[in-house]
Amino acid sequence: NDPQFVEAARGFAERMIARADDPRKRIRWAFWECLARAPTAEEESQVVHLLAQQRARFGADRQAAEAILAVGESPRDRSLDLVEHAAWSQVATVLLNMSETITRN
């Protein structure tokens, strides 16, 4: 993805993390922000699964987490856990890349 898009996803992840402590509440809020609707049960389940995968991925490779969060001109919020921030950034990337987000059908 373009560096500006990666940076935007990182910023969106920061907003999700700040929004709630519960991952499912974050996901529901993010769907409302991107799509102006709640996620279906299947969508929510898929995003929860994606989050778990990304937590495992970045937990095993902290350098990859640092690299993805270093993209762009604005500094990352260092008060956030590195692995958690990187994982939520990937969730944000998926949500922002949905055709429904882009076209708002």
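Each residue takes its place number in the sequence, starting with 1. These numbers were taken from a predicted model, which means no experiment stands behind them.
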Nearest-0.5 Å distance that lies between atom [atom1] in [X] and atom [atom2] in [Y]:
X: E44; Y: E42; atom1: CD; atom2: CD; value: 11.0 Å
X: L35; Y: E100; atom1: CG; atom2: CD; value: 4.5 Å
X: E43; Y: F31; atom1: CD; atom2: CZ; value: 4.0 Å
X: I68; Y: Q54; atom1: CD1; atom2: CD; value: 9.5 Å
X: L95; Y: I27; atom1: CG; atom2: CD1; value: 8.0 Å
X: S79; Y: E14; atom1: OG; atom2: CD; value: 8.0 Å

Worksheet entry | F12: partners by ring-ring contact (aromatic ring centres under 6.0 Å, His included), with sequence neighbours left out |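 Counting only residues at least two positions away or on another chain, F12 forms a ring-ring contact (aromatic ring centres under 6.0 Å, His included) with W29.
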Discussion item. On a heavy-atom basis, which atom in A13 and which in A92 lie closest, and how many Å separate them?
Written reply: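 Residues A13 and A92, closest heavy atoms: N-CB, 4.1 Å.
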Worksheet item: Which heavy atom of V83 sits nearest a heavy atom of G59, and at what distance?
Response: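 So the two residues come closest at CG1-N, 3.7 Å.
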Item to complete: Go through the steps to decide whether Q4 and E73 satisfy the test side chain to side chain contact (heavy atoms under 4.5 Å, CB included), and finish with yes or no.
Response: CA-CA 9 Å; Q4 290 174 327; E73 294 182 18; over 6 Å; no
Worksheet item: Got a donor-acceptor contact below 3.5 angstrom from the T101 side chain to the N97 backbone?
Response: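 Judged by distance alone, no pair lies under 3.5 Å.
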Worksheet item: Counting distance only, does the side-chain N/O of T93 pair as donor-acceptor with the main-chain N or O of S89 below 3.5 Å?
Response: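 Checking the backbone N and O of S89 against the side chain of T93, a donor-acceptor pair under 3.5 Å is found.
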Fill in: Of all pairs that satisfy salt bridge (Lys or Arg N to Asp or Glu O under 4.0 Å), the ones with a partner from residues 75-99, not counting sequence neighbours
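Listed by first then second residue: R26-E84, R55-E84.
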Fill in: Stepwise side chain to side chain contact (heavy atoms under 4.5 Å, CB included) test for K25 and R28
CA-CA 5 Å; K25 287 182 181 178; R28 289 181 205 121; 4.1 Å; yes
With [X] via side chain to side chain contact (heavy atoms under 4.5 Å, CB included) - residues at least two apart:
X: Q53; answer: H49, L50
X: A65; answer: F58, L82, A86
X: S74; answer: E7, R10

Worksheet entry | Contacts of D61 that satisfy side chain to side chain donor-acceptor pair (under 3.5 Å) - sequence neighbours left out |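 D61 satisfies side chain to side chain donor-acceptor pair (under 3.5 Å) with no residue once adjacent residues are dropped.
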Worksheet item: More than 12 heavy atoms of other residues, nucleotides or ligands under 6.0 Å from CG of D22: is that the case?
Response: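 Buried by this count: over 12 neighbours within 6.0 Å.
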Discussion item. Using side-chain heavy atoms (C-beta onward) and a distance below 4.5 Å, is V48 in contact with P23?
Written reply: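 Counting from C-beta outward, V48 and P23 never come under 4.5 Å.
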Discussion item. Are the side chains of V47 and V94 in contact, using a 4.5 Å heavy-atom criterion?
Written reply: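 Not in contact.
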